[in-house]
**Student:** 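Before I ask anything, here is the structure I am working with.
For clarity, every value in this text was computed on a predicted model and none was experimentally measured.
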Amino acid sequence: DYLIRYVKENGFTHVEIMPITQYPFDGSWGYQATGFFSVDSRYGNPFQLMSFVDRLHQAGIGVILDFVLVHFATDEFGLCKFDGSNLFEGTGDNEKSQWGSYLFDLGKDPVRSFLMSSVNFFISYFHFDGIRFDAISNVIYYHGDTSKGENAGAIEFVKRLTGKMHLFHPNVMLIAEDSSAYAGVTKPLEYGGLGFDYKWDLGWMNDTLRYYGKDPIYRKYHHNLITFGLVYGFSEQFILPLSHDEVVHLKASLLNKMPGDYWQKFANYRALMGLMMTHPGKKLLFMGGEFAHYTEWNF
């Protein structure tokens, strides 16, 4: 009840929730899952999640779910060595991710089917309006490293995924969190793209926060940080993300990234919000960003 009232009063159109597929370790924030067809029991049962989404829909608020395609938790009660072999995970250098979790082998049809079925399950039964896919740069390139080359099998999987989801759920947004410069992430499949509807503009986020972190006296030497985003701003359909990743692990809250004294921090922050609202692209704020939360996020 409180969330709906708050979201409506502040003019938000959607709520995005971080991954809620069952996960064992709190510190992974849900990004290392074990149960890809189960709702995390910390927050209630599946019917309560259905009710949550339904109530938001009745209020005219969309709901986006964060989903992890790239990797899964190493716990033995999960998917790892499922039949004694590397059934779900890759092999050799592509077995483990930089997060210590197992990488899905997205070139295998059983793995593709499993993940597509999981995404379809959450859309079909819980009626999410959008799915935000984490770490797509690690799908496109091995370990997210352009020097290691493109992962052709994983790219083919993503195209199948977006094509099937748009076929069966044409009104659901598919969003890529992609930090690479790979072209055509939000272009339709028939034009050679990956078929996503939106892409997180992490370049804009990094450049803008670097600019605003500088003392105003030095900013005249760094205006390129806030103009460069317009060079490529219409090459994809972008979302401007000031997300949970920017306000955790001693990175400071958005307000505390600003230079100056107490008053100047708020003045700079208002300018940042003004720039975000007038820059091309959809806007995404992590909780507390809208009222300049002073302390950084603690999961």
Side-chain angles (χ1 to χ4, degrees), residues 1-23 26 28-31 33 35-69 115-134 136 161-162 164-177 186 196-201 237-248 254 273 276-277 281-293 297-299:
D1 295 334
Y2 181 84
L3 177 69
I4 289 170
R5 188 166 69 249
Y6 180 83
V7 167
K8 295 289 283 184
E9 285 174 357
N10 286 282
F12 292 105
T13 60
H14 292 73
V15 170
E16 179 172 327
I17 56 179
M18 291 166 73
I20 50 163
T21 45
Q22 189 73 46
Y23 60 95
D26 283 299
S28 77
W29 315 334
Y31 288 99
F36 283 77
F37 290 85
S38 55
V39 175
D40 193 276
S41 54
R42 291 169 179 83
Y43 304 112
N45 65 46
F47 295 105
Q48 290 171 309
L49 177 60
M50 292 175 186
S51 175
F52 172 82
V53 175
D54 187 53
R55 287 289 307 283
L56 287 164
H57 282 170
Q58 289 178 41
I61 301 161
V63 190
I64 300 168
L65 174 67
D66 224 333
F67 191 90
V68 185
L69 285 176
L115 288 170
M116 284 197 282
S117 297
S118 174
V119 174
N120 185 63
F121 168 75
F122 276 94
I123 295 174
S124 298
Y125 283 91
F126 298 97
H127 299 170
F128 286 105
D129 303 280
I131 306 287
R132 178 264 197 188
F133 295 101
D134 182 59
I136 291 298
L161 172 69
T162 58
K164 290 288 187 187
M165 293 308 136
H166 280 136
L167 179 65
F168 290 109
H169 309 287
N171 296 322
V172 172
M173 293 182 286
L174 302 178
I175 303 163
E177 189 239 359
T186 59
F196 287 100
D197 298 297
Y198 293 102
K199 171 179 172 172
W200 274 26
D201 192 347
Q237 297 189 129
F238 283 118
I239 290 175
L240 309 181
L242 295 177
S243 74
H244 63 282
D245 273 328
E246 319 326 320
V247 293
V248 73
L254 291 176
M273 290 295 102
M276 183 188 195
M277 288 300 156
K282 303 294 183 184
K283 329 298 177 189
L284 180 139
L285 271 177
F286 187 59
M287 55 183 181
E290 71 279 9
F291 58 81
H293 199 265
W297 179 53
N298 182 326
F299 73 90

**Student:** Of all the heavy-atom pairs spanning Ser28 and Tyr23, show the shortest one and how long it is.
**Tutor:** OG-CD1, 3.8 Å

**Student:** Mind listing the closest non-hydrogen atom pair of Ser124 and His169 along with its distance?
**Tutor:**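 Heavy-atom minimum between the residues: OG-CE1, 3.5 Å.
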
**Student:** Between the main-chain N or O of Arg42 and the side-chain N or O of Asp40, is there a donor-acceptor pair closer than 3.5 Å?
**Tutor:** yes

**Student:** Under the side-chain contact (heavy atoms from CB on, under 4.5 Å) test against Ile64, which residue among Val15, Ile131, Ile175 passes?
**Tutor:**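 Testing each of Val15, Ile131, Ile175 against Ile64, the sole residue satisfying side-chain contact (heavy atoms from CB on, under 4.5 Å) is Ile175.
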
**Student:** Are any non-hydrogen side-chain atoms of Met50 and Asn45 less than 4.5 angstrom apart?
**Tutor:** no

**Student:** Any idea which heavy atoms bring Leu174 and Thr162 closest together, and the distance?
**Tutor:**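 It is CD1-CA, 3.7 Å.
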
**Student:** For the residue pair Leu115 and Leu161, establish whether any side-chain heavy-atom pair is separated by less than 4.5 Å.
**Tutor:**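 They are not in contact (no side-chain heavy atoms under 4.5 Å apart), so the answer is no.
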
**Student:** Under the salt bridge (charged side-chain N to carboxylate O under 4.0 Å, His left out) definition, can you give me all pairs with a residue in residues 282-291, not counting sequence neighbours?
**Tutor:** none

**Student:** Answer yes or no: are there more than 12 heavy-atom neighbours, outside Phe37 itself, under 6.0 Å from its atom CZ?
**Tutor:**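 Yes, the 6.0 Å shell around CZ holds more than 12 heavy atoms from other groups.
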
**Student:** Report yes or no: does Ser243 contribute a side-chain atom to a donor-acceptor pair with the main-chain N or O of Phe286 at less than 3.5 Å?
**Tutor:**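 No, Ser243 side chain to Phe286 backbone: no donor-acceptor pair under 3.5 Å.
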
**Student:** Can you confirm whether Ile136 sits close enough to Trp200 that some side-chain heavy atom of one is under 4.5 Å from a side-chain heavy atom of the other?
**Tutor:** no

**Student:** Could you tell me the separation between the CD atom of Glu16 and the CE atom of Met287, rounded to the nearest 0.5 Å?
**Tutor:**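 So the CD of Glu16 and the CE of Met287 are separated by 12.0 Å.
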
**Student:** Please say whether the positively charged group of Arg132, taken as NZ for Lys or CZ for Arg, lies over the ring of Tyr198, i.e. under 6.0 angstrom from the six-membered ring centre and within 45 degrees of the axis.
**Tutor:** no

**Student:** Got Ile4 and Lys8 here, is their nearest side-chain heavy-atom distance under 4.5 Å?
**Tutor:** yes

**Student:** So for atom OH, which belongs to Tyr6, do other residues, nucleotides or ligands contribute more than 12 heavy atoms lying within a distance under 6.0 Å?
**Tutor:** yes

**Student:** With a cut-off of 6.0 Å (strictly less than), are more than 12 heavy atoms of other residues, nucleotides or ligands near CZ of Phe47?
**Tutor:** no

**Student:** Evaluate the side-chain proximity of Val172 to Met165: yes if any heavy-atom separation is below 4.5 Å, no if none is.
**Tutor:** no

**Student:** Is any side-chain heavy atom of Ile17 closer than 4.5 Å to one of Phe128?
**Tutor:** yes

**Student:** Just jot down the side chain to side chain contact (heavy atoms under 4.5 Å, CB included) partners of His57, sequence neighbours excluded, or say none.
**Tutor:** Val53, Val63, His127, Asp129

**Student:** What is the distance from atom CG of Leu65 to atom CD1 of Ile20, rounded to the nearest 0.5 Å?
**Tutor:**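 Taking CG in Leu65 and CD1 in Ile20, the distance rounds to 5.0 Å.
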
**Student:** Side chains of Phe196 and Met173, heavy atoms from C-beta outward: is any pair under 4.5 Å?
**Tutor:** no

**Student:** Measuring from atom CG of Asp54 to atom CD of Gln48, what distance do you get when rounded to the nearest 0.5 angstrom?
**Tutor:**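 Between atom CG of Asp54 and atom CD of Gln48 there are 14.0 Å.
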
**Student:** For side-chain contact (heavy atoms from CB on, under 4.5 Å), just list the numbers for Phe133 and Asp66, CA-CA rounded to whole Å, side-chain angles, deciding distance to a tenth of an Å, and then say yes or no.
**Tutor:** CA-CA 6 Å; Phe133 295 101; Asp66 224 333; over 6 Å; no

**Student:** Do side-chain atoms of His293 reach the backbone of Gly289 as a donor and acceptor pair under 3.5 angstrom?
**Tutor:**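 Not a single qualifying donor-acceptor pair exists.
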
**Student:** Do Phe126 and Val39 have side chains that approach each other closer than 4.5 Å (heavy atoms only, starting at C-beta)?
**Tutor:**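 Side chain of Phe126 against side chain of Val39, heavy atoms only: contact under 4.5 Å found.
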
**Student:** Going from NE2 on His244 to CG on Leu285, what distance comes out if it is rounded to the nearest 0.5 angstrom?
**Tutor:**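 CG of Leu285 is found 14.0 Å from NE2 of His244.
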
**Student:** Which of parallel (below 30°), tilted (30 to 60°) and perpendicular (above 60°) describes Trp29 and Phe299?
**Tutor:**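 The rings of Trp29 and Phe299 sit tilted, inter-plane angle from 30° to 60°.
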
**Student:** In Å and rounded to the nearest 0.5 Å, what is the CZ to CD1 distance from Phe67 to Ile123?
**Tutor:**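 CD1 of Ile123 is found 9.5 Å from CZ of Phe67.
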
**Student:** Minimum heavy-atom separation for Gly30 and Val68, please, with both atom names.
**Tutor:** O-CG2, 4.3 Å

**Student:** Charged N to carboxylate O below 4.0 Å: is that the case for Lys199 and Asp201?
**Tutor:** no

**Student:** Is it the case that the side chain of Gln237 and the backbone of Asp197 share a donor-acceptor pair, with hydrogens and angles ignored and the cut-off at 3.5 Å?
**Tutor:**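 Flag set: sc Gln237 to bb Asp197 pair under 3.5 Å.
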
**Student:** With rounding to the nearest 0.5 angstrom, report the CG to CG distance, Leu242 to Leu254.
**Tutor:** 5.5 Å

